[in-house]
Amino acid sequence: MTKLECHVNSCANNSANFCCLPNIQVSGAMAFNSEQTCCSSYVSQQAGAFSNAAVGSIPNESMPVDCTAINCSYNAGGSCAASSICISGSGASEKGETSCLTFHQS
Ligand code: SF4
């Protein structure tokens, strides 16, 4: 489990800088810096409002994080092994505008 702080306040899954999903997927198979990563679990608030796939509104402070950023030193076989991570992208209008700030090139 990884402690997760998320500043993507435009995501439907976000509540007060925490994520309400049970787990997330970070992408960045070719990433060599944090800007080249993103949270693939991002859902725009508009899409969330029109979807029946309602997520809970209870923030999860810790969760398993699947991650394809194999160049990150915290990547352990497709899972994040960092004790805590931070996702940035305040005001993001798509997942590509989010990133994992904790990425550290191995
Ligand atoms: S951007 Fe990702 S980590 Fe942040 S609230 Fe949305 S789904 Fe959760």
Side-chain angles (χ1 to χ4, degrees):
M1 300 279 265
T2 298
K3 279 191 180 176
L4 177 73
E5 185 181 316
C6 177
H7 296 279
V8 188
N9 51 9
S10 56
C11 176
N13 299 318
N14 192 286
S15 177
N17 292 338
F18 290 104
C19 182
C20 299
L21 292 177
N23 60 286
I24 63 161
Q25 168 80 53
V26 171
S27 298
M30 307 290 281
F32 285 99
N33 57 48
S34 65
E35 287 75 27
Q36 293 169 337
T37 66
C38 73
C39 176
S40 288
S41 303
Y42 168 93
V43 174
S44 72
Q45 286 176 340
Q46 270 188 327
F50 288 110
S51 165
N52 285 332
V55 299
S57 56
I58 300 171
N60 282 330
E61 293 188 16
S62 298
M63 64 182 68
V65 176
D66 289 334
C67 181
T68 64
I70 53 174
N71 296 320
C72 177
S73 58
Y74 295 115
N75 193 295
S79 296
C80 179
S83 58
S84 63
I85 66 171
C86 182
I87 305 290
S88 69
S90 179
S93 57
E94 54 157 325
K95 66 182 178 183
E97 294 175 6
T98 68
S99 57
C100 176
L101 281 185
T102 311
F103 178 95
H104 183 265
Q105 190 176 343
S106 58

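Just so we're clear, the structure is a prediction, and the values are computed from it rather than from any experiment. Heavy-atom basis, side chains included; hydrogens, waters and symmetry copies ignored. We number each residue from 1, following the sequence as shown. Each ligand, and each atom within it, is numbered from 1 in the order the structure gives.
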Completion exercise
Counting from 1 in the order shown, the ligand 1 atoms closer than 4.0 Å to a non-hydrogen atom of L21 are 7 (S)
Exercise for the section: Indicate yes or no for a side-chain donor-acceptor contact from N60 to the backbone of M63 under 3.5 Å, with no hydrogens or angles considered. Expected result: no
Problem - Atom pair CD1 (I58) and CG (L21), whose distance is rounded to the nearest 0.5 Å - result: 13.0 Å
Handout entry: Note, C86 side chain near S88 side chain (heavy atom, < 4.5 Å)
Key = no
Handout entry: Donor-acceptor side-chain pairing of S90 and H7 below 3.5 angstrom
Key = no
Practice task
Measure the distances from the heavy atoms of T98 to every atom of ligand 1 and state whether one is below 4.0 angstrom.
Solution key: no
Problem - V43, portion touching ligand 1 at heavy-atom distance under 4.0 Å - result: neither
Practice task
Give the cluster check for V8 versus L4: same hydrophobic cluster or not, with ILVMFWY residues linked at side-chain heavy-atom distances below 4.5 Å.
Solution key: yes
Practice task
Indicate whether the side chain of S15 and that of S57 have a donor and an acceptor atom separated by less than 3.5 Å.
Solution key: no
Practice task
Report yes or no: do S34 and S99 form a side-chain donor-acceptor pair below 3.5 Å?
Solution key: no
Exercise for the section: Heavy-atom contacts with C6 under 4.0 Å: which atoms of ligand 1 show up? List them by number with element. Expected result: 1 (S), 3 (S), 4 (Fe), 5 (S)
Practice task
Would you mind running through ligand 1 and noting each atom that sits below 4.0 Å from a heavy atom of S41?
Solution key: 7 (S)
Practice task
Please determine if atom 8 (Fe) of ligand 1 has an N/O/S atom from C19 lying under 2.8 Å away.
Solution key: yes
Practice task
Identify, for atom 2 (Fe) of ligand 1, the protein heavy atom at the shortest distance, and state residue, atom and that distance.
Solution key: C39 SG, 2.2 Å
Fill in the blank from the handout: The atoms of ligand 1 lying under 4.0 Å from a heavy atom of N14, numbered in the order shown, are 5 (S)
Exercise for the section: Indicate if the distance from atom 6 (Fe) of ligand 1 to the nearest N, O or S atom of C11 falls below 2.8 Å. Expected result: yes
Practice task
Any atoms of ligand 1 less than 4.0 Å from a non-hydrogen atom of V8? List them with their elements.
Solution key: 1 (S)
